[in-house]
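Predicted, not measured: the structure shown is a model, and the values here were computed from it. We name chains A, B, ... by the order of the sequence lines, and we start the count at 1 in each one.
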Amino acid sequence: MGQLVRSFAFQSLMLAAIAAVLAHYTGSEHIYVVAGLTLVVKGLVIPRFLIYSMDRLKVRREIEPLVGIPASLLISGGLVIVAYYITEPLISSAETVTRNCLAVSLAVVLIGLFMMISRRKAMTQMVGLLMMENGLFLGIISTTYGMPLIVEIGIFFDVLMAVLIMGIFAYRINQTFETLDTTFMRRLRG
Amino acid sequence: MIEALLLVPLFTALLCGLARSERTIYVLSAAGSTVTALVAFPCCYQALSGPPLHRGPWYLDPLSALFVLVIVVITLLVSVYSVQYLQHDRREGEVNVKDLRYYHVLLHLFALCMLLVVVVDSLGLMWIAVEGTTLISAFLVGFYKKGEAIEASWKYLIICSVGITLALLGIVLLYASSMAALGEGADTLDWSALRAVADQLDPALVKVAFIFIVVGLGTKAGLAPMHTWLPDAHSQSPTPISALLSAVLLNCAMYGVLRVHILAQAAVPGFSSSLLTFFGLLSVAIATAFLLTSRDLKRFLAFSSVEHMGIIALGFGIGGPLAVLGALFHVVAHSLTKTLMFFGAGNVIQRYRTREMREIKGVGRTMPATASLLVLGGAAIAGSPPFAIFIGELLITAGALASGEYLVAGLFIALMAIIFAAMTYRVLGMVSGRPQEGVPAGELGALRLIPMLVLAAAILMLGVLLPSALGDALGSVAELFEVII
Amino acid sequence: MSPAALPSLMLSLPLLGAVLAVLLRSERSRVYSYLCSAASAVAAAIWSVQVLLEGTASLVSDAPSVWGEYAIRLDPLGALVLLITALTFACVAMYALFSREGVTARSALLFNCFVLSILLAMVADHVLLLMIAWEAMSLTSFLGAWGAREDEDTIAGWRYLAITHFGAALVIAALAYLAVSSGEVRLSEMRGLSALIGPGASAAVVIMLFLGFGSKLGLLPFHIWMPDLYSRSSSTVTALLSTAASNVAVLVFVRVTFSCVGVEGQYALSLTVMGLAALTALWASWQALVQRDGARVLAFSSMENMGLILLTMGAAMLFRAYGAAEPAAFALMAALFHLINHTVFKALLLMGAGTVRRAAGEWDLERLGGLARGLPGLSAVFLIGTLSVAALPPFNGFVSEWAMFKALMHAEPIADPLVRIALPLAIAVMALCTAIAATAYLRLYGLTFLGRPRSAGAERPRPLERSELFPLLPLALLCILLGVASFPLLEELAAAVSPLVGASGLKVVEGSSINFLHQGGLDPLGLSALLGFGMLVAFLIVRATGRRKVERVDTWDCGTPLDRRTQYTPTGFAQPLLRVFQKVYRPQIEVREEPRPSEYIRAVRFEQRIPEPFVDHLYKPLTAGAIALAMRVKRMQSGSIQAYLTYIMVTLVVLLVALR
Amino acid sequence: MQLTDVLIVIAEVSFVLMVSPLLTGIIGKAKAWMQCRQGPSVLQPYRDLWKLMRKATVASREASWLFFVIPYVCLGAMICLAVMVPVFNVGPSGGVGDMVATIYVLGLFRFMMVLGGLEGGSPFGGMGSSREMMISAIVEPTLLLSIFSVAAISGTTDLSSISRFFAALGPKGLSPTLFLASAAIFISLLAENSRVPFDNPATHLELTMVHEGMLLEYSGKELAMMEMASYVRLTMFMVILSNVFFPWGIALGTGAGELLVGVASISLKLLLLSVSVAVVESVMAKMRLFRLPNLLTVSFTLSLLAVMSYYIL
């Protein structure tokens, strides 16, 4: 789990870097603000909170996932191909620098979703969701050079809220089910 | 004026949070929703008759006015109903005063977020409001601290967040498609601006954007196959909340889809309507299967919501004056009827202390008033004529026949007949026969019956006559869909 | 009075009645709500007479509906049917009052709503108003019938609701299609749409209407709800359901098929209608013979009569398809005349059966018998009803059945060999149906009123007061009146029906006899006079040969003392015909050895059950299949969040790839 | 209806009432003669009727008011039938009812008789009634189909116009349809009047009697009326058979000569028919009850063939 959070933090840092480069390239200053925000919120605050809650819930190892490692790698590869296949007609018209960013963002979103499907632990599903947000964020800055500021800040604020609330629910699950393994939560059927 | 509309629920939520005794909380909550309603009616009337109110971030056009009315009315009825519902829970000892305060704060914040969704102009802010509704209602779904409630709220949270994230990607792509037409300007995310330039949007981007929106917001609206969270959330949450979820939250999500459908219809005519028709029919079909086999009363009503959301999507998908009028009428009819059914179910469940329909027998004997209202509601929700839902379904069928889609109309009618049979079987099964021993007779409270009577009268009246005010309102909303009634 | 006074009075009175039923608490005052509905029936009768005199009356209400203003219209044809139905309503309302069947607020409310929806459906001109009234009719009749006995399980009632709703869905789809394709919203303005929508579509519309309305009339595949509902609910509701509801169904079907859509050139369609109607009539008469409960026999008898009416209507469609207007008009007149007669005698019989059930406390024929001595008045009135339903001379059933036979005998103008084979077969089927049905009615009357009582209840029936017979008398009189002097009604009917089929003023009554195209007529008045004359002669012969001494002695018992068990039971009575038509009934006979009371006597238990093939081989497999399929789909909601997320991802990817 | 027509009708009715017991006597006599025994005299039925008329009525305690009304209705129906059907004159009686109506009047008579059978509540009455209904339920379609074939040929269902049509046509009118229809009606005659192959009118053996079973409870004047009605029914059947299928010699106008020829021809035909019935009765034995439907289906197919042959030939 710890390794997962660290990779998420690394991904957010890279994202902030791309944002900074883009801000420099287009010269609009409010993207700098956004890059800074990504660095602070996604790079530091959220991983810190995740590690803190993991300690509290004493969640160490992810028991072996539903889909084996080789299978998930293959599927992720497939998803990347699908993402490129889908975005191919869209980006033929866009300018050069952000040409394949949309494809990458779509790929990250799909892989994030796949990760939520293939892992058992609730925390991992949260991290999967955050990865989808990251992919999404990449899509935002690459295709539209930054949405109106209030919307950006609103989205950041929502992501933060979502993580906090999921943390609370994860704590509740741990309290009632003594495990974070969502495969045990199958009582509501039919 | 619109700010006032938003501030009142916020203010009520704060007051409920601070109030000391139970009685004040109930009074405050009911008063708050009444004031919201009083504030909402004038501005909706103005939006429906005159030009849309567009000030700052707020944008109130006929479509949003219609949804505001639905939200406000249903919230009022829910808050009145939940007074005695929670009192009963208090007596049963399932809920303490802190939970009570917690419930009412969240209830009004939930109403605030939903109003925000339909009032705001920019699609980004709308997304934020929808995300807000999910987060707040997750707590409401998990209100009872039982294991199943936690599981239901977790699934609700995760699935809806995934859906909304995909929807955001859709909005982004939509925004990207408008780059070419509107240039760099900051306000390009406002719906009114996009509406003006809708036909110059880049078709390829709009198509992909609409797919993301339908799958994303469709999850929130409960369209099959993304509806899986709906039965769990509805069956575990307290009944007034599941009424609010079913009747209003699903509509707000559908409101988002409709906003983008209007744009997509102009940019890529025909693409979005065929998608909506596909999802509509799929939802109705899957809901039919579940209605035939589900045994839990609230899950049963949840699947009926999936079915009716499918019908609304089908109505907009078919297009044409009749079908669009039918779908708009169905939005109103479904909200009213579904709330009535949930209130009836609430009474029955609290009296029989079980949600298993096979164990509920003889409601006609123990609670005659609720039983007759349940039978009326059951007939209404199943789509039998003297009630409003039938009018919606009839107009949609007529629209389908008018636009020559005979297969769609035929399939639709067949599914409706099966659903009618399944629903009446369940409702009659509960109401007739002899109740088991140990179930005390007598209604649970007079106050709860008032909202139910109001709803029953409304759907009966809407079923037979169409008041001119509502007629003109629906007409003005339909103009948005380039359809003249 | 202004033209709008009567119809609005007719429609508002039941509403008033319904409100009274809910508000007034005391039993005594609930009588007023029944009086309201009776008054509205009288208003309807006066209005229809006014329409007959002055011609069509139509009224557009200003209440806006989703599809333009509601409108009601009453043309002479509707007026005739409404006149008789209204009179029946009045009698049924009286019956509900005097029958002391527990006049609860609920039954009074539902009765008024039921009457309102029937009157509305009969005069509705606006498509939407017709749909609403039609379904409201089945909803209120269901609630009225279902609530009568709480402990009964809901299957019978629910089956009725589900099937009639399916039928209503077909009707609504057909009417919606007509309204949409013609742009008109009022039935009266839709003329000859088959030219507009083409023969194929118009055939489909007519078939949908036929099956839709058939579900209420008890057409073959949809008939399974009828017997259970009739036997379980109160006779007030079944009397209205089997008479008024069927009238509305047939009336609207005739109007839409003949004037709105038009049947020129629809040969195959008419033959299918005739075929299905013939099968329904045949099946109903067979089943009527083996029922154990009086109400069930009457249920199948309604089904059989409706089958015959639809058969004659199919013949009218066939003649119209070949362009022979006069025979078509005569056939249509005969069918509608039988419909009117059916309303009268079926209401009489159902109310009579209800009174028998209340007096003897029994409903099973096997436990009735010998009631004629205890209730002479009721047995006389019931005999009149039975003779008219069995179509025997002096009564109204005979005149209309004769007219239906004559209608089928006009095959000459059509040269097509297929028709020349179809009509004789139709006559054969009709003859077989009437014969078997007559046996069933005889069995019903004979084994209820004659012979020796088979149960304590039948032995000492509760004596009926005068007031309980009061509602039945007018109907019995009407049966005789319609049988003997039906010329004015026939002429009006012929005049009303001719425009539907494009015939120019059909000449039906020649001199004193109903004679069509001078092919052998019938003078009902003359025939009844002759019967009276014959009986007079017989009486004179008997009087001439001295006084009559009557001595009462035990029935001739050939030595063994007779008791209640040594006489023919209803099952025994039907046994010969059951054996003749064994292939149809396929009775499941089970003979079991019982423990021997002593070594000399063997106790054997004989059990015979007549299966319901439609339920066992059509409806049960259908529902089982649907449930199985639903179970398979149900597995989709497996409870695992991973599965749910997979559905979303798969949908997304598939859509994106497919619609690239 | 001028005076002469009324007179002719009264003459016809009285002729039928007088002749019917005679015909049954002739049948009994012919049967006895064929079985080389002397048999009762031809006038025996008159004597029975006269004896019964003067006897007191003994009715069962279970019988209701209907028991005493039924004989009047039955005899009245038969007298009405006698008026409706032209016997020896194709006269004015055409207006009242056509052949379909006659079948329904016969139906009324049968309905009432069966009700009479059920009155006493004894097993024999019940057995007679249920078997009578079984036979009649299958005979009625045959009768109606044969009428349809005759009506198809002559273009009308009115009895007098049919006989006038075939009388005018004379022997040329014979066609296979008519032959098949007459055979079908002859079998129905045997069935309706419960003659031998269907039921043995002479015997009182409980398990075999159908017609007698229904009359078991009747006695005295009522029995006389019921017997008289059965005799008239048999005669009317024979009159219909002869006047529809071979009406040569029936009086077309109202001249005295024609009437005499008409009376002579009708009496001859009735004689011939009763003898043929007697021949059939002595040749065939009574069939088992559940073999009757086969015979009745034969008559049904005959009438069906009659209709088909009209259209195909």
Q.
Students often mix this up, so state it plainly: with edges at 30° and 60°, are the rings of B:Phe210 and B:Phe271 parallel, tilted or perpendicular?
A. perpendicular
Q. For the residue pair B:Phe303 and B:Phe290, does the interplanar ring angle fall in the parallel (under 30°), tilted (30 to 60°) or perpendicular (over 60°) class?
A. parallel
Using non-hydrogen atoms and a 4.5 Å limit, figure out which bit of [X] sits close to chain C: side chain, backbone, both or neither.
X        : answer
B:Tyr406 : side chain
B:Leu465 : both
B:Val214 : neither
B:Leu292 : both

Q.
Between C:Tyr647 and C:Met636 (side chain of the first, backbone of the second, donor and acceptor by atom type, cut-off under 3.5 Å), is there such a pair?
A.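 Checked: pair present.
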Q: Examine the side chains of C:Trp158 and B:Thr424 and answer whether a donor and an acceptor come within less than 3.5 Å of each other.
A: yes
Which atoms of [X] are under 4.5 Å from chain B, going by heavy atoms: the side chain, the backbone, both sets, or neither?
X        : result
C:Leu656 : both
C:Leu175 : neither
C:Leu645 : side chain

**Q.** Face-on cation placement of C:Lys216 at C:Trp134 ring, 6.0 Å and 45° thresholds
**A.** yes
Q) Just wondering, are more than 12 heavy atoms of other shown residues or ligands nearer than 6.0 Å to CZ in C:Phe166? A) no
